[in-house]
There are 2 protein chains.
Amino acid sequence: MSGRAATKDLVLDAAEALFSAKGVDGVSLRTLTKEAGVNLAAVHYHFGSKEEVVKAVFARRIRPMNRERLAMLDALEDRGRPEVEEIVTALVAPALRLAGDSPARQRFMRLCARLYSEPAEYLQQLYMEEFSQVIDRFERVFRSALPSLSRAEVRRRMHFVVGLLVHTMLNSAPVRRWTSGACDPADAESTLAAIVSFAAAGMRAPVPDTPDCVRGGVT
Amino acid sequence: MSGRAATKDLVLDAAEALFSAKGVDGVSLRTLTKEAGVNLAAVHYHFGSKEEVVKAVFARRIRPMNRERLAMLDALEDRGRPEVEEIVTALVAPALRLAGDSPARQRFMRLCARLYSEPAEYLQQLYMEEFSQVIDRFERVFRSALPSLSRAEVRRRMHFVVGLLVHTMLNSAPVRRWTSGACDPADAESTLAAIVSFAAAGMRAPVPDTPDCVRGGVT
DNA sequence: GTCTATAAGTAGATAGAC
DNA sequence: GTCTATCTACTTATAGAC
């Protein structure tokens with residue numbers, strides 16, 4: 001409540017920057033506290049453990065992002081039955097441009113993607129908890145826009161969309177190299193348009209000849 | 001040259017299993033050597049450092065996989081101008097089913113994906129070295145199948161395809177949960193068909209209205 | 001080539017003064 | 001709430017016997 005930034009936030013800010021760049025296992029609490037300008041013991045006082053720091057970093061950004069996703073979906077459904085492109089946009093845009101300024105956005109994007117790829121069991125669990133209602137909601141809306149797809153196939157394709165989103169956010173340096181700088185993921189609007197076009201076409205693709213995903217009882 | 005497996009291979013096998021499950025930073029050399037049943041010092045004798053172990057694990061699988069990709073592309077081009085679906089298959093199939101039996105395949109898939117997502121700088125570099133000729137080759141073939149796309153746009157979309165592939169290979173557990181078990185990435189053929197259908201449609205998608213990727217000189 | 005023993009450094013977490 | 005000092009455990013890496 002004082003004028004200067006709270007220790008807790010200093011830790012979270014530094015953690016976000018460092019975790020997104022080097023991964024959770026690649027950053028020690030000592031590196032973290034040095035970067036944040038706070039004392040090592042203060043981290044344990046405020047968070048209790050490194051694992052709790054990771055969870056807090058995660059929750060601070062992912063929850064608003066998912067609220068934004070659901071809000072965009074609400075707005076779309078108020079105006080009628082949404083197009084596939086619009087649904088994909090609601091899924092992708094909040095991840096690409098939630099943060100305001102550019103360096104913060106890039107940090108945040110990499111953080112999301114990195115946390116999604118982290119091997120630690122507690123993170124995988126946390127992710128599923130945070131995402132399950134988002135997944136359920138998008139599945140229903142996608143299914144009403146794509147009635148010919150089974151429930152399982154819709155979910156599989158949604159997973160593809162999340163995959164290319166995460167991969168784009170995480171590996172911005174390779175994208176720039178691959179495209180000789182012409183496609184920069186830091187350019188959110190261009191990236192968004194490209195992802196939406198690609199992903200919407202993929203969602204609408206014909207079901208392959210060996211539709212294993214239809215055989216189960218999950219249709 | 002003795003009857004039993006060489007120490008070097010024991011280390012590489014254990015490293016592949018452990019790295020793919022917990023990430024490079026999540027596995028110590030002690031855990032590794034214990035799992036492999038070899039002595040800690042033997043690792044330094046044979047490899048010199050942990051970093052060299054990682055590189056060796058990587059090279060053992062990625063090089064044959066990329067050779068397979070280029071061979072499939074050769075075979076396709078011998079028979080005429082390949083379809084988008086065929087090119088995508090050449091890019092994706094070697095990753096999904098190079099290894100023979102199922103547990104080994106899953107381990108290998110996760111290894112590839114994990115290494116691709118690893119933050120360490122030397123791994124990013126190594127990946128680019130191994131992949132640059134594959135990328136160049138696929139770009140040319142894709143462009144001849146999709147002449148309306150700019151070079152940069154082709155590369156961006158190829159990156160999307162690799163992204164959903166990596167994500168699928170890495171997060172097989174979430175896919176099973178998302179789809180209530182109906183879509184199992186361990187079922188390589190079903191997964192392959194789904195990816196090819198989705199990715200080919202994405203590659204063929206119309207170029208979005210704001211084609212930032214066309215403005216540069218990289219067309 | 002393989003081992004034991006150990007160096008030299010870093011990890012997360014705590015106790016207790018202020 | 002924040003600090004110093006420290007504990008315990010684990011990390012990579014190496015020296016040197018066999």
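For the pair B:V196 and A:P208, the minimum side-chain heavy-atom distance is 4.5 Å or more. Using a 4.5 Å cut-off on side-chain heavy atoms (C-beta onward), B:F19 and B:L115 make no contact. Taking 4.5 Å as the limit, some side-chain heavy atom of A:R69 sits within range of a side-chain heavy atom of A:N66. Counting only heavy atoms from C-beta outward, the side chains of B:K8 and B:V38 never approach each other to under 4.5 Å.
Taking atom CG of residue A:D25 and atom C1' of nucleotide D:dC10, one finds them 14 Å apart after rounding to whole Å. Counting to the nearest Å, the C1' atom of D:dT2 and the CG atom of A:L10 are 13 Å from each other.
Interatomic distance, CG of B:L164 versus NE2 of B:H167, reported as 10.0 Å (0.5 Å rounding).
Taking only side-chain nitrogens and oxygens, A:T7 never comes nearer than 4.0 Å to OP1 or OP2 of D:dG1. For A:S49, no side-chain nitrogen or oxygen approaches OP1 or OP2 of C:dG12 to under 4.0 Å.
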Can you pull every protein N or O that's under 3.5 Å from an N or O on nucleotides 7-11 of chain C?
residue: C:dA11; atom: OP1; partner: A:S28; partner atom: OG; Å: 2.8

In dot-bracket form, how is DNA chain D paired, counting a Watson-Crick or G-U wobble pair only if both its distances are under 3.5 Å and using | for bases paired to another strand? |||||||.||||||||||
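Within residues 35-48 of chain B, the residues approached by DNA chain C to less than 4.0 Å at the level of any non-hydrogen atom are B:N39, B:A41, B:Y45, B:H46, in residue-number order.
For the side chain to side chain contact (heavy atoms under 4.5 Å, CB included) test, no residue two or more places apart in sequence or in another chain qualifies with A:S132. Evaluation of the side chain to side chain donor-acceptor pair (under 3.5 Å) rule for B:D25 yields no partner, not counting sequence neighbours. Under the side chain to side chain donor-acceptor pair (under 3.5 Å) criterion, A:R157 pairs with A:E153, sequence neighbours left out.
Looking at every heavy atom in both residues, A:T33 comes nearest to A:N39 through CG2-O, 3.8 Å.
With respect to A:E16, the salt bridge (charged side-chain N to carboxylate O under 4.0 Å, His left out) criterion is satisfied by exactly one of A:R60, A:R114, A:K22: A:R60.
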